[in-house]
2 protein chains.
Amino acid sequence: MKRFAEKNLCENCPSRGQSVFHNYPKEQLAEVDRDKSCFLMKRGEIVFNEGNMPHGIYCIKKGKIKIYKTGNEGKDQIIRFAKEGDVIGYRALLSGEKYSSSASCLEETEVCFIPKTALLSMFSGHSCLAMNLMKVACHELGEASKIITNLAQKSTRERLAEIILVLKENFGLDKDGAIDVNLTREELANMVGTATESVIRLISDFKDEGLIELQGKKIIPKNISALIKTGKIVEA
Amino acid sequence: MKRFAEKNLCENCPSRGQSVFHNYPKEQLAEVDRDKSCFLMKRGEIVFNEGNMPHGIYCIKKGKIKIYKTGNEGKDQIIRFAKEGDVIGYRALLSGEKYSSSASCLEETEVCFIPKTALLSMFSGHSCLAMNLMKVACHELGEASKIITNLAQKSTRERLAEIILVLKENFGLDKDGAIDVNLTREELANMVGTATESVIRLISDFKDEGLIELQGKKIIPKNISALIKTGKIVEA
DNA sequence: TGAAAAACATGACAAATGTCATTTTCCCAT
DNA sequence: ATGGGAAAATGACATTTGTCATGTTTTTCA
């Protein structure tokens with residue numbers, strides 16, 4: 001269930017600076033303000049569903065979203081995350097295909113829907129927007145090839161270590177030093193590409209080995225260099 | 001080693017019809033003809049290498065290319081293939097990043113290099129080219145999410161069955177009914193994401209079960225519906 | 001706030017997959 | 001055409017990972 005949220009001006013949106021709209025002329029943002037719809041959503045609520053046709057894109061004003069694909073055994077695979085300033089749903093819209101994955105909120109999230117027609121007229125108005133989106137899509141393609149290679153070649157243990165570090169980079173740490181995102185062990189498993197029990201066991205191992213500490217279910221990365229080593233991470 | 005090939009006109013290129021240039025105005029193709037360089041390459045020769053900076057894109061006039069990423073144990077992971085009419089190297093160029101993967105010819109292949117400046121001026125000249133490329137990139141992103149989900153959730157046996165069908169669709173069959181692409185068992189393993197020996201064993205099993213036949217090392221798909229079932233393929 | 005549901009945790013075992021060693025077959029460059 | 005090197009094939013075995021069962025803890029919400 002999407003509940004309408006108050007529409008604020010894009011111009012004043014705190015997340016615009018890091019978004020694909022950062023260099024879009026302010027005067028013309030008013031057109032977006034006119035056409036967009038904003039929604040307030042809670043954890044577990046769905047922004048869009050795999051298999052449906054897209055009619056626009058969603059710009060995230062606040063919150064965290066997981067993008068995932070459901071396998072034919074009904075098990076989800078998390079492909080990536082999106083947060084403030086990110087745009088989601090552009091892949092399906094711009095390829096003219098159905099959504100290849102679903103998007104679900106991980107916490108209280110505010111998204112603005114920009115209809116296809118508005119977006120396309122923005123493209124012609126100012127070509128840097130299309131180029132920005134192209135850049136995002138191409139960057140994501142590179143990320144995807146890394147993920148593919150990791151899934152194909154690394155062990156479960158290595159992948160989990162790497163993902164803990166990726167989550168830390170992506171979401172940062174809260175006041176207790178724990179990774180600031182609310183994920184269940186099952187969701188973690190759906191990212192690593194393994195069974196929930198395997199993730200639980202590995203997290204216990206990591207704790208015993210001093211790589212991490214636990215604060216309830218939240219993970220506190222402790223020994224970063226050991227995590228890097230465990231994850232066999234060699235950044236270019 | 002790239003050897004220069006005779007430059008033919010893009011306008012007459014047999015693979016232009018299926019390429020991102022299919023709706024580019026013929027008159028303006030002359031500019032590409034002026035700026036491009038064409039190369040003739042043999043199996044195993046490298047078009048570009050992971051980690052290098054791109055200076056343009058490559059358009060494939062004839063032949064087959066594998067796009068792969070080398071893991072940190074030195075093992076390659078094949079991400080995708082490209083053939084006549086496909087464009088490669090656009091991801092790195094348009095994201096402003098280094099090549100995230102390498103490209104190597106699977107057979108005698110002819111490619112035309114289009115420098116960055118020429119490409120960008122083509123973008124501004126006729127915006128449909130940028131949109132075509134965007135569409136390709138976004139489509140590939142959807143393909144990548146399928147691959148990720150398969151690697152994470154399917155068994156090696158299931159993935160191999162699926163890949164045999166994908167290769168059949170992608171490259172077609174030769175006169176003997178065998179999949180028309182020259183891949184070693186190791187390369188197959190680097191696609192499936194498993195050990196070479198595992199692929200060899202599974203191919204033997206598939207043969208014993210009547211799913212495929214072998215013509216030397218080439219694979220002849222025999223029982224398609226059984227392959228679909230084995231690969232647990234449920235197309236949307 | 002307290003009962004039910006969900007999430008977390010752990011053990012025991014089975015199944016899948018990888019590794020190493022060895023032999024056979026095929027391909028291609030001289 | 002042919003000898004050498006690469007690729008394919010197969011066996012034996014180790015290791016990793018998944019599955020099922022069960023108990024505990026945490027969260028949710030009526």
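Predicted model, so just to flag it, every value in this text is computed and none were measured. So that the names make sense, note that chain A is the first sequence line, chain B the second, and so on, each numbered from 1.
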Exercise. For the residue pair Lys42(B) and Cys105(B), what are the closest heavy atoms and their distance?
Worked result: O-CB, 3.5 Å
Problem set entry | Heavy-atom donor-acceptor pair, Asp176(B) side chain to Gln215(B) backbone, under 3.5 Å | no
Problem set entry | Phe206(A) and Ile219(A), any side-chain heavy atoms less than 4.5 Å apart | no
For this session: Rounding to 10 degrees, work out the angle separating the end axes of the helix from dT1(C)-dA30(D) to dT30(C)-dA1(D) (five pairs an end).
Result: 60°
Under 3.5 Å, side-chain donor or acceptor atoms of residues 188-201 of chain A against the rest of the protein: list the pairs with distances, not counting sequence neighbours.
none

Exercise. What integer distance in Å separates Leu183(B):CG from dA7(D):P?
Worked result: 13 Å
For this session: Spell out protein contact along nucleotides 12-30 of chain D as letters: B when the base is contacted, S when just the sugar-phosphate is, - when no protein heavy atom is under 4.0 Å; keep the 5' to 3' order.
Result: B----SSBB----------
Exercise. So which heavy atom on Lys66(B) is nearest to which on Ile78(B), and how close?
Worked result: CD-CD1, 3.9 Å
Hey, can you pull the donor-acceptor pairs under 3.5 Å for the side chains in residues 46-58 of chain A, sequence neighbours left out?
residue: Asn49(A); atom: OD1; partner: Ser102(A); partner atom: OG; Å: 3.2
residue: Glu50(A); atom: OE1; partner: Thr70(A); partner atom: N; Å: 3.0
residue: Glu50(A); atom: OE2; partner: Lys69(A); partner atom: NZ; Å: 3.4
residue: Tyr58(A); atom: OH; partner: Lys2(A); partner atom: NZ; Å: 3.0

Exercise. From the 5' end of DNA chain C to its 3' end, which nucleotides mark the outer limits of contact with chain A, defined by a 4.0 Å heavy-atom distance cut-off (strictly under)?
Worked result: dA7(C) to dA12(C)
Exercise. Judged by atom type as modelled, is there a donor-acceptor pair below 3.5 Å linking the side chain of Gln153(A) to the main-chain atoms of Lys75(B)?
Worked result: yes
Exercise. Base, sugar-phosphate, or nothing: which does Ser204(A) touch, judged by heavy atoms less than 4.0 Å apart?
Worked result: sugar-phosphate
Problem set entry | Which atom of Gly177(A) lies closest to which atom of Leu173(A), heavy atoms considered | O-CD2, 3.4 Å
For this session: Write down the atom of Asp180(A), the atom of Lys218(A), and the distance for their closest heavy-atom approach.
Result: OD1-NZ, 3.9 Å
Problem set entry | Results of side chain to side chain contact (heavy atoms under 4.5 Å, CB included) for Ile233(B) - residues two or more places apart only | Lys154(B), Glu162(B), Leu165(B), Ile228(B), Glu235(B)
